[in-house]
There are 2 protein chains.
Amino acid sequence: MPQGQPLTVPDDGLSTRERREQPLLMVHTGDGKGKSTAAFGLAIRAWNQGWDIGVFQFVKSAKWRIGEQTVLERLGTLHQESGEGGPVEWHKMGAGWSWSRKAGDETDHAAEAAEGWAEVKRRIAAQTHDLLILDEFTYPMEWGWVDVEDVVDTLSQRPGRQFVVVTGRRAHPRLVEVSDLVTEMTKVKHQMDRGQKGQRGIEW
Amino acid sequence: MPQGQPLTVPDDGLSTRERREQPLLMVHTGDGKGKSTAAFGLAIRAWNQGWDIGVFQFVKSAKWRIGEQTVLERLGTLHQESGEGGPVEWHKMGAGWSWSRKAGDETDHAAEAAEGWAEVKRRIAAQTHDLLILDEFTYPMEWGWVDVEDVVDTLSQRPGRQFVVVTGRRAHPRLVEVSDLVTEMTKVKHQMDRGQKGQRGIEW
């Protein structure tokens, strides 16, 4: 449980309420499990608050759906049908982003990642979503597919009240620097070390 | 993304398929964020597979609902209405467990935690659920409200195919020892250090 007790009172001239409303830039990194899962868990919570949610999966091949996509899109449908919760959009790389009319060249992951980031930038400028999840986005940053300083500037200077979660291993130090909340998921013990493979319901 | 490549092939006489079907005992521990959120994220995924989900929140006062409870119970209702996904039960301490007819003595958390564990034991013996989330259960273990060896024996020798996730800080070494997957969420950076308080949609 969050204790909600700040360790220090910042000298930023903001009231508690103003500070409470400050949008967060969050990073889930580390070699352990739960980085994306915790991000999608946040999305569930945000949906319940009626937030507009945009998920962008920067994975090389994401033809398959994960359970969270099915469920979050189902929740988005519930919102359309009954007004419950908030709207949900889920986009992923792999064979062209869903907003693109281009067929998508699956072999050019770098271009596809750059296209995804350009769209995220447009949406951040337009304040389209309340919560943006940039899943596995540390890798395009690591591999030079997107410009790190452009990402850092865009995310840290985003207008309005937009929450952002970036997931993936080896988060860039500059991203960590500008983020409000960085959690490292560390593997203490993993069944795959014993030779057990991924299984339905747990891994996807 | 899980790579799904075991580092070793175990000498346990099981086929890959048999090993894949082995139910996991998982622990989310550490001082960072995301322990419970990742567990509820797993529940979302499990729901999508049609699993029967039981959540047991061992928190001292849980009169308030968190967003995940609303959403998971909503998904449970969807299951009842349309057969989508799986059934969901969500129980929490705080003023008597929901299955109990007793009014509940909110001041005796130790007795309430013990009662909760006794019920979980019965359900594990009866194989009631496919996924059990014992949220914040490390604390009753730490505080001696439940017997550690009883917990370790019950969880490690559970019958059938029951997945279990235990969350909370300072997981007992004996629990770690018998678990298949232990993840430590470590706080790298947290906005509360800067004096920012918890906020709706993120903390609850």
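Below, read A as the first sequence line, B as the second, and so on, with proteins coming before strands; counting in each chain starts at 1. Since this is a predicted model, take the numbers as computed values, not measurements.
The most heavy-atom pairs under 4.5 Å with chain A, out of T70(B), N48(B), V27(B), come from N48(B). The candidate with the highest count of non-hydrogen atom pairs below 4.5 Å against chain A, out of V176(B), L72(B), T29(B), I44(B), is I44(B). Interface check for chain A: of the options G168(B), A39(B), G32(B), G41(B), the most heavy-atom pairs under 4.5 Å are formed by G41(B).
In this structure, E184(B) and M185(A) have side chains that are not in contact, with every pair of non-hydrogen atoms separated by 4.5 Å or more. Between K187(B) and T183(A) the shortest side-chain heavy-atom distance does not fall below 4.5 Å.
Only the side chain of L75(A) comes within contact range of chain B, with at least one heavy atom under 4.5 Å from a heavy atom of that chain.
The distance from atom CZ of R74(B) to atom CH2 of W47(A), rounded to the nearest 0.5 Å, is 7.0 Å.
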